Enquirer: 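I'd like to ask you about the structure that follows.
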Amino acid sequence: MTAAQPATGHDHVVVAADVNGVSVTEPVPTRWTLAQFLRDRLGLTGTKVSCELQVCGACSVLVDGAPVSACTYLAADIDGRRVQTVEGLAARDQLHPLQRSFVEHFALQCGFCTPGFLMMAKALLDRNPDPTEDEVKEYLDGNICRCTGYEPIVAAVLDAAKRMRGQA
Amino acid sequence: MVLPPFALHRPTTTAQALSLLAEDSVPYSGGTELLLAMRMGLIRPTALVDLKRIPEMQEIRTDRSRLLIGAGVSHDRLATDPLVEQHARLLAAAEREVGNARVRAQGSIGGNICFGEPRSDVATVLIALEAELGLANSAGERSVPAEEFFLGPYWTARDATELLTAISIPLPCAEGVYLKFQTVERPTVAVAAVRRPGGDYRVVVGAVGEVPVWADYPGVGEVDPVDLVGRTSPVSDLTGSERYKRHVTEVYIRRAAELLAESER
Amino acid sequence: MSVERRRVAGQAVQRRDLFEKVTGAATYTVDVTPPGCLHAKVVRSSRAHARILGIETSAALAVPGVIAVVTASDLAALFPRFGHIIPDHAILAMEKVRYYGEPVALVVAENIVAASDGAEAVQVRYEDLPAAMDAEAALAPDAPILHDDDYGASGDESFSEMAATPGLPDHGDSPPRTNVAHTVDLSWGDVDAALAQAHIVVENRVHYPMLYAYAMEPYNAVASFTEDSLHVVSSAQHPFMVRTDLARIFSLPLSRVRVQVPYLGGGYGSKSYTKIEPLAAVGAWVVRQPVKLVLDVEEAIYTTRADSAAITVRSGFDAEGRILARAFDIVLDSGAYADNSPLVLAKAVNRCFGPYRVPNLRVRGRSVYTNTSPASSYRGFGAPQGALAGETNLDRAAAQLGIDPVEIRRRNLVPPGGEILPGKRGIDADLPADLELVAESLQRDARTVPGHGIGVACTASDAGAYPISTAIVRVQTDGSVTVLSGSTEMGQGSRSVLAQLVAEELGVPIEAVDVVQSDTAMSSYERTTGASRTTTLVGLAVQRACADARAKLTEMAAEIEQCPPESLAQGDGVLESADGRKLAFGDIISRWFGGDAGEVTGVGTLRRDGRTQKMPPFWEVGMVGVEVGIDPETGVVRVDQLVTVADVGFAFNPKAVEGQDLGAATQGLGGALFEELVYDGPQLVNPNMVEYRVPRMTDLADKIESIVVERGDGVGPYGAKGGGEGALNPMGAAVANAVAMATGKWPSRLPLTPERVWRLVNDLPEVDAE
Ligand SMILES: Cc1cc2nc3c(=O)[nH]c(=O)nc-3n(C[C@H](O)[C@H](O)[C@H](O)COP(=O)(O)OP(=O)(O)OC[C@H]3O[C@@H](n4cnc5c(N)ncnc54)[C@H](O)[C@@H]3O)c2cc1C
Ligand code: FES
Ligand code: FES
């Protein structure tokens, strides 16, 4: 079915989307969240689920470039759109500057929050390549890390931004 | 936690959407409130009518002396859109501080006000800007002033079979300050203090009571925090006792009025 | 004193696990789904205290995809409880429920959606019983009794060793049952006489909040039975302790129970001991297929929270501010089951009076059952609770005597080597020097304006838990090394530290070392991963394993070279013969076995003897200072400065140490300013991460200084000792002291929410009269 046949309700919808550069076409139950779809159907388990209330950000992924909480976002809604998850961040064997910077700055310990922080940081730098420290803190305030105390994360994002500007 | 089952409709026009609405077939936009409420078992609709594929719900434009915002426009777009920044700076400023970056990207202005959550930034600002809310059902359209829209917690003037289509803000727009006291996700107290185009002043107090309250004053010096606080109806919860909330509301009204007075000097 | 810099140990090497974690490739328990795996959902009690009259499962079994509904009645052939100190914890509630959220049934289904729908369809009929919702109610004379049985405490000898004076229940006669799960008393000297002679006596009472660790990965477990063996993958900090509980439940030999722990999404103590592994395992036992159980955050909060505390302290001082005597009364609200609370209590008792010379002491501690979510370990283990009482009491004394808070600590801190607990290990740290570091840093940037205040606090924790460790290093024919350790990588970086240590000891490149951890079948034995022990205690075992491997290699080389072993010199990854030839480890192995095969296994063990004879194995120092600014109109507290000292003896990876320290300090700030689980009636008002607010990025202090101190004074390798919770322990007290200085009023309750501070400033009661 396509979006042109709108009027009937379905318990399943067919989702055709680009996930990390790969086209997928899959029927999914309407009640499935994007997190369920990515993890259980596509095996992309890098996206984590924690609070399920849109406050911790562990599940952050980008849909058409915008950050969303995959824990509270219907899988059906990615139909016709482009999804980026942490698995799509590195280019083959080349880590994304944000990933490298997170490792170098010890911006993670247990790593459960990290995929979400990376995707949010990417969303930030995509729209603002040269953020101030306060802008980083404001934008990432909707992500929780219980291990690091945040300071190394702020440093890592600022450093990655610098590197990415250098490359551009 | 899994969502309960439901059917999903994806109309592409307002008319189609209206034909699909019923008591248990409800509008669905960003889902930031609706999906949470469904997961917690607070509402159990049999069908969701997705509004995100209706192009006119996504528009921001000016029309003669009004700024028109489609109900489906996200907080993030309102926070960054040049037209909004130019004509309704206060709204843009408030939108920048709604929730977090994901809620702003996912959540819509329409969903915010239709949910009727008392702790809304948007409701407070829209009353300060004297917005009109455009409602439609299959029989026709009507317009309700923001002042008359919020009837109680999770209760608005919108009928179950109506859609909010657009928010219309009269131009030139009131200007002023927006302050909020917030310790958890949503504001505990929200205060908008503006100078209206006619030259007098309006102070709106939202989030703290069941519905926003407001008063108009000829001069900013005449703002009476104690009187305004007296009209709110705070309830004790984890973010503060009733007594504390009344106190903080008074402080924030005073601070907002002072800032507004300063900005005019 | 400073420490020697080394080739690999002590360098800020990049942690290898971090690469896996930034790409999303790292596997956590929640990512493990074996083929044919079924999914489970727990049906939980909707009452705080009630008799179960019946469980109606037919509607659930009718849900498509539901395969089984397991209840306590299905477990008759098993030992249906667990608990490493008191085996009081029912896997599934038997006859009655003791808290809202207690597991009553387990629905097993083909997928999680069916399991959830099935769980909703299970009907449980209850007869309500009166409930004791807090410790005060539970201690009242006519209180409803939670447990009618005393179960018999587990035979865990090491438990009694960790408490200064154990108070295990006496099974000789049967005293009237109360809700006291456990008592611990500690005393020396004559407190009453000393208080009578004191220049001043200062008394205060504090309340430490009910906290939730919020490891971002909630509890998860995947269990399967093959033949007569049980295999569990779980988010457990102590796989070997979980193995013991599981073996008892199913009457299996330990060797038939395999508990495997992949990466942990945070732990902080909250994943210590057995949690939901028995639930997943009984599910798998009933259906004979793998069963996966994933909890959400609300369920995790109802699985384990931290003990809240009410503590009264009385101290006597001489005119110079020297402590003459201290008396504490500690009551922990431990929830419906004992879990590790008896040990938390023992530690609170040991830690409440601080690292000071206390000539006369009396501490009375009680851990109390209430009809609330069961409490167990959380980072700090009784220390934050005790410190809030002891350290605010000290500041009150300083104020009364007109002495600076730093100065009163100077006058009382034990000197290096000084005894804190009689007969125990003396302090292996220079606390007075650490205090000066904090004080200097704070003073440098202090703002002396109204509404600002500085607070310091210190703690020393008898840490390291019981020293039982084993380690195996396997040297391969190419000179690379596999290290086996039962410890768990939960974010603290132990995998990397152990690799550094082996690289250093054997002189091989760190890239050639791989560490296999936390698998009861594949790695070596480790008692626990907690109490900041891994670097120190596992480190010693690993060091010994390396020495053992070298000794074996030397024997083998002597044999093939036909020379006396003493003629071979030890080098980096090699032995050197008397004529200067370098014999690589790998070549020695290949030549000895013949053919390019074989390996050398070095074994290291650690127990209570030699340098780890005295308990505790080491003291963990907590030394922090904060400066806060307060908005007097709203009571909002803002942290301007955060200064911590990480006194770790030797920092294997200084950046990792700083990171752990800031992380611990930030969690401490959470408990000081925001975090508190609140009960209203039978259930929590805020069992979620919206209303249980934890520190966020914008809460970061303007100035953060983490001072890493290395004096080589620990018992571990190169003088290392544990870190990782130190900065949390005194944080609540330091913030309370800073708020006191800023407001001129003494807070007695955490967290210091805006409203609490506003009420404090305005002399208003904690709550308004109705
Ligand atoms: C973590 C978090 C933090 C937040 N913080 C803030 C904050 O600081 N300030 C604040 O103001 N808000 C806050 N919110 C609320 C947020 O603004 C709203 O959730 C969001 O804007 C709702 O829009 P939505 O599109 O997601 O609505 P949905 O969830 O899709 O819908 C909400 C309700 O509105 C109805 N509805 C939606 N669109 C229409 C329409 N066009 N016509 C009729 N009915 C409609 C739906 O049926 C539903 O009942 C927060 C939310 C979260 C989850
Ligand atoms: S799990 Fe989605 S925001 Fe926390
Ligand atoms: S690294 Fe563990 S939560 Fe962030």
Side-chain angles (χ1 to χ4, degrees), chain A residues 1-13 15 28-36 40 49 51-57 59-77 79-81 116 119-121 123-124 127-128 135 138-144, chain B residues 1-13 15-20 22 24-26 28-40 44-55 74-77 79-80 96-107 182 184-186:
Chain A
M1 84 143 233
T2 68
Q5 305 164 301
T8 44
H10 294 271
D11 297 339
H12 277 73
V13 285
V15 159
V28 286
T30 52
R31 66 197 287 199
W32 271 35
T33 64
L34 178 54
Q36 262 173 300
D40 300 346
V49 171
C51 73
E52 296 181 272
L53 289 172
Q54 307 163 71
V55 294
C56 78
C59 65
S60 306
V61 300
L62 309 187
V63 176
D64 281 352
V68 303
S69 309
C71 69
T72 314
Y73 188 92
L74 294 186
D77 280 349
D79 188 25
R81 309 177 84 177
M119 298 317 288
M120 288 305 288
L124 169 67
R127 62 196 261 161
N128 180 1
E135 283 168 345
E138 291 289 332
Y139 199 81
L140 298 183
D141 200 44
N143 286 58
I144 295 174
Chain B
M1 250 195 290
V2 303
L3 286 164
F6 54 86
L8 183 66
H9 301 285
R10 300 195 282 191
T12 49
T13 67
Q16 277 174 351
L18 288 172
S19 72
L20 291 162
D24 59 355
S25 180
V26 306
Y28 159 66
S29 192
T32 58
E33 295 285 23
L34 185 60
L35 297 179
L36 285 188
M38 286 168 63
R39 188 149 53 198
M40 286 188 274
R44 213 160 175 156
T46 54
L48 303 191
V49 180
D50 184 9
L51 308 178
K52 290 191 290 294
R53 295 171 185 235
I54 304 172
S74 71
H75 297 295
D76 187 51
R77 267 186 70 205
T80 51
R96 279 194 279 277
E97 291 185 23
V98 166
N100 57 48
R102 292 180 309 282
V103 168
R104 289 195 295 274
Q106 229 178 299
Q182 185 166 340
V184 290
E185 291 315 305
R186 294 170 173 82

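Reminder, nothing fancy here: chain letters follow the sequence lines and each chain counts from 1. Just so we're clear, the structure is a prediction, and the values are computed from it rather than from any experiment.
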Enquirer: May I ask you to name which of A:G57, A:P29, A:A123 has the most heavy-atom pairs under 4.5 Å with chain B?
Expert: A:G57
Enquirer: Looking only at heavy atoms, what is the nearest atom pair of B:G31 and A:T72, with distance?
Expert: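 It is O-CG2, 4.0 Å.
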Enquirer: I would like to know whether B:N100 and A:M120 meet side-chain contact (heavy atoms from CB on, under 4.5 Å); could you show each step before the answer?
Expert: CA-CA 11 Å; B:N100 57 48; A:M120 288 305 288; 5.9 Å; no
Enquirer: Quick check on the interface: out of A:V49, A:L53, A:V55, A:V63, who has the most heavy-atom pairs with chain B under 4.5 Å?
Expert: A:V55
Enquirer: Identify which part of B:R39 has an atom lying under 4.5 Å from any heavy atom of chain A, answering side chain, backbone, both or neither.
Expert: side chain
Enquirer: Among A:N143, A:T33, A:D77, which has the most heavy-atom pairs under 4.5 Å with chain B?
Expert: A:D77
Enquirer: Taking atom CD of B:Q182 as the centre, report whether more than 12 heavy atoms of other residues, nucleotides or ligands fall under 6.0 Å from it.
Expert: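 It does: B:Q182 CD has more than 12 such atoms within range.
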Enquirer: Would you check, one step at a time, whether the test side-chain contact (heavy atoms from CB on, under 4.5 Å) holds for A:R127 with B:D76?
Expert: CA-CA 12 Å; A:R127 62 196 261 161; B:D76 187 51; 3.0 Å; yes
Enquirer: Identify the heavy atoms of B:A101 and A:P67 that sit nearest to each other, and give their distance.
Expert: O-CG, 4.2 Å
Enquirer: Do A:L74 and B:L3 have side-chain heavy atoms sitting under 4.5 Å apart?
Expert: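 A:L74 vs B:L3: side chains touch.
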Enquirer: Is a donor on one side and an acceptor on the other found under 3.5 Å between the side chain of B:R102 and the backbone of A:G142?
Expert: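 Between the backbone of A:G142 and the side chain of B:R102 there is a qualifying donor-acceptor contact (under 3.5 Å).
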Enquirer: Counting only non-hydrogen atoms closer than 4.5 Å, does A:L124 touch chain B with its backbone (N, CA, C, O), its side chain (CB onward), both, or neither?
Expert: neither
Enquirer: Can you tell which of B:V103, B:D50, B:T32 has the highest number of heavy-atom pairs within less than 4.5 Å of chain A?
Expert: B:T32
Enquirer: Below 4.5 Å from any heavy atom of chain B, which atoms of A:L140 appear? Answer side chain, backbone, both or neither.
Expert: neither
Enquirer: Quick one: are B:V2 and A:Q36 in side-chain contact, heavy atoms under 4.5 Å?
Expert: yes
Enquirer: If I measure from the heavy atoms of chain A, does B:S25 come under 4.5 Å with its side chain, its backbone, both, or neither?
Expert: neither
Enquirer: Could you tell me if the side chain of A:H12 sits less than 4.5 Å from the side chain of B:L8, heavy atoms only?
Expert: no
Enquirer: I'd like to check B:L36 versus A:Q54 (side-chain heavy atoms, cut-off strictly below 4.5 Å). Are they in contact?
Expert: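 When only atoms from C-beta onward are counted, A:Q54 and B:L36 do touch, with a gap below 4.5 Å.
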Enquirer: Spell out, as yes or no, whether a donor-acceptor pair under 3.5 Å connects the side chain of B:Q106 to the backbone of A:S69.
Expert: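 A pair under 3.5 Å: yes.
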Enquirer: Please look at B:A47 and chain A and tell me whether the side chain, the backbone, both or neither of the residue comes under 4.5 angstrom of a heavy atom of that chain.
Expert: neither
